[in-house]
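Worksheet for the structure shown next.
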Amino acid sequence: MLPGGSDPFLQFDHFHLSGPTFAAHPHAGFCAVTYLLPDSPGSLRNRDSLGSKRLILPGDLHWTIAGRGVLHEELPTADGVDCHGLQIFVNLPADQKLREPSALHLSAHDVPRVRLKKSGVVRVLCGTHRDAVSPLTPPTPVTLLDVTMAAGEVLNHALADDQHAFAYVVAGSVSSGGREADAGSLIGFSDTPGALLLSASSSAQVLICHGRPLCEPMVAHGPFVMSNREQLLQAFGDHAAGRMGRL
């Protein structure tokens, strides 16, 4: 679950996969973002109806832009080996809903890093932190930061007033504005002007997400998130007729 005021973010999941879990499935009208955490023992194999095949290795980010419709699957490369990661659904602006589907990929070795004062590190997956800029340019401009912090370390991240933001605690515990959050918790920052402040109560790992809300009409059902009912019905019809391709 996401906190209130999460637009343009639609869904957030923290997963452990060790075998085939989801059969090939469609998406339309939004982006499905898979981040395999750097500590993941296993990797994922991505296939989609665009004809592409890609390994998602630990520390990699794979961004599927569903547009008017795409089929894809992401399966562990080896049964019984844990794939540890996060999946985030990001909405597409109305003028991008019916675009051709495509995919972006950011390899772990291309992710910019910023060192904190102690032993902490900020991995800039999307957007910016200080002078570090991600090479990834998704159609919905958002910032995604994977932050590891030593106990007692403080993160100060600039946050524009028009941004919706939240932090997910992957491991450890952090505090912000008098709120304490342990592993598996979300902290919303929609009412925080100017900066996002986090203090690590213990060694911790946190994913920070923020972006400007789209503030556009949205109709969602199952794997499709469109601007209106007509687009939604069209997406179901396109999938049924095989117009989203096949694997």
Side-chain angles (χ1 to χ4, degrees), residues 8-13 15-38 40-111 125-126 134-142 144 220-227 230-247:
F9 302 98
L10 301 169
Q11 183 174 308
F12 186 95
D13 289 305
F15 65 81
H16 286 271
L17 299 177
S18 57
T21 302
F22 300 107
H25 56 280
H27 289 306
F30 68 98
C31 299
V33 183
T34 299
Y35 177 46
L36 202 58
L37 290 162
S40 178
S43 56
L44 294 168
R45 181 177 292 109
N46 176 281
R47 288 198 307 151
D48 60 42
S49 54
L50 304 173
S52 62
K53 299 178 181 179
R54 189 77 190 234
L55 285 180
I56 305 175
L57 302 174
D60 287 3
L61 184 80
H62 192 81
W63 194 293
T64 299
I65 304 167
R68 60 179 177 77
V70 70
L71 301 182
H72 81 151
E73 67 178 11
E74 289 176 345
L75 305 174
T77 57
D79 285 348
V81 179
D82 180 39
C83 295
H84 181 205
L86 305 169
Q87 186 166 77
I88 309 160
F89 288 173
V90 181
N91 201 7
L92 279 168
D95 61 2
Q96 299 277 327
K97 292 283 188 185
L98 301 180
R99 61 173 284 169
E100 289 293 317
S102 60
L104 306 171
H105 190 91
L106 181 61
S107 297
H109 56 77
D110 292 325
V111 176
L125 304 170
C126 289
S134 169
L136 205 68
T137 54
T140 306
V142 299
L144 303 178
H221 188 81
F224 307 136
V225 181
M226 310 307 288
S227 294
E230 290 72 24
Q231 287 183 355
L232 191 65
L233 292 175
Q234 183 65 50
F236 275 102
D238 287 345
H239 179 233
R243 288 190 289 269
M244 291 185 183
R246 60 190 179 90
L247 296 183

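Contact check for V70 versus T64: side-chain heavy atoms found under the 4.5 Å cut-off. No side-chain heavy atom of P76 sits under 4.5 Å from any side-chain heavy atom of V81. For the pair R47 and H72, the minimum side-chain heavy-atom distance is 4.5 Å or more. Between L92 and T140 the shortest side-chain heavy-atom distance falls below 4.5 Å. Residues P135 and L106 form a side-chain contact, since some pair of their non-hydrogen atoms from C-beta on lies under 4.5 Å apart. The closest side-chain heavy-atom distance from D238 to F236 is not below 4.5 Å. At least one side-chain heavy atom of F9 sits under 4.5 Å from a side-chain heavy atom of L144.
A distance of 11.5 Å separates CG in N46 from NZ in K53, rounded to the nearest 0.5 Å. Rounded to the nearest 0.5 Å, atoms CG (L232) and NE2 (H221) are 7.5 Å apart. Interatomic distance, CG of L71 versus CG of L247, reported as 5.5 Å (0.5 Å rounding). Taking SG from C31 and NE2 from H62, the interatomic distance works out to 11.0 Å, rounded to the nearest 0.5 Å. The CG atom of L61 sits 12.0 Å away from atom CG of D110, with the distance rounded to the nearest 0.5 Å. Taken from OG1 in T34 to CD1 in I88, the straight-line distance is 9.0 Å, to the nearest 0.5 Å.
Here the shortest heavy-atom pairing between P139 and W63 reads CD-NE1, 4.2 Å. Looking at every heavy atom in both residues, P8 comes nearest to V142 through CG-CG1, 3.9 Å. Taking every heavy atom of both residues into account, N91 and V225 meet most closely at OD1-CG1, 3.8 Å. Shortest non-hydrogen contact noted between C83 and G42 is SG-C, 3.8 Å. In terms of heavy-atom proximity, L104 sits nearest to T137 at CD1-O, 3.9 Å. For the residue pair P26 and M244, the shortest heavy atom distance occurs at CB-SD, 4.0 Å.
Of the possible donor and acceptor atoms, one in the side chain of S134 sits under 3.5 Å from a partner among the backbone N and O of L136. With hydrogens and angles ignored, the 3.5 Å screen pairs no side-chain donor or acceptor of D13 with any backbone N or O of F15. Of the possible donor and acceptor atoms, one in the side chain of D60 sits under 3.5 Å from a partner among the backbone N and O of A108.
For H16, the NE2 atom is densely surrounded, since the number of other residues' heavy atoms within 6.0 Å is greater than 12.
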What do the steps show when you test M226 against L233 for side-chain contact (heavy atoms from CB on, under 4.5 Å), and what is the final call?
CA-CA 9 Å; M226 310 307 288; L233 292 175; over 6 Å; no
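Counting only residues at least two apart or on different chains, the salt bridge (charged side-chain N to carboxylate O under 4.0 Å, His left out) pairs with a member in residues 79-106 are R68-E100.
Using cut-offs of 30° and 60° for the angle between ring planes, the F30 and F89 rings count as tilted.
Partner of E74 under the side chain to side chain contact (heavy atoms under 4.5 Å, CB included) criterion, chosen from R45, Q87, R54: Q87.
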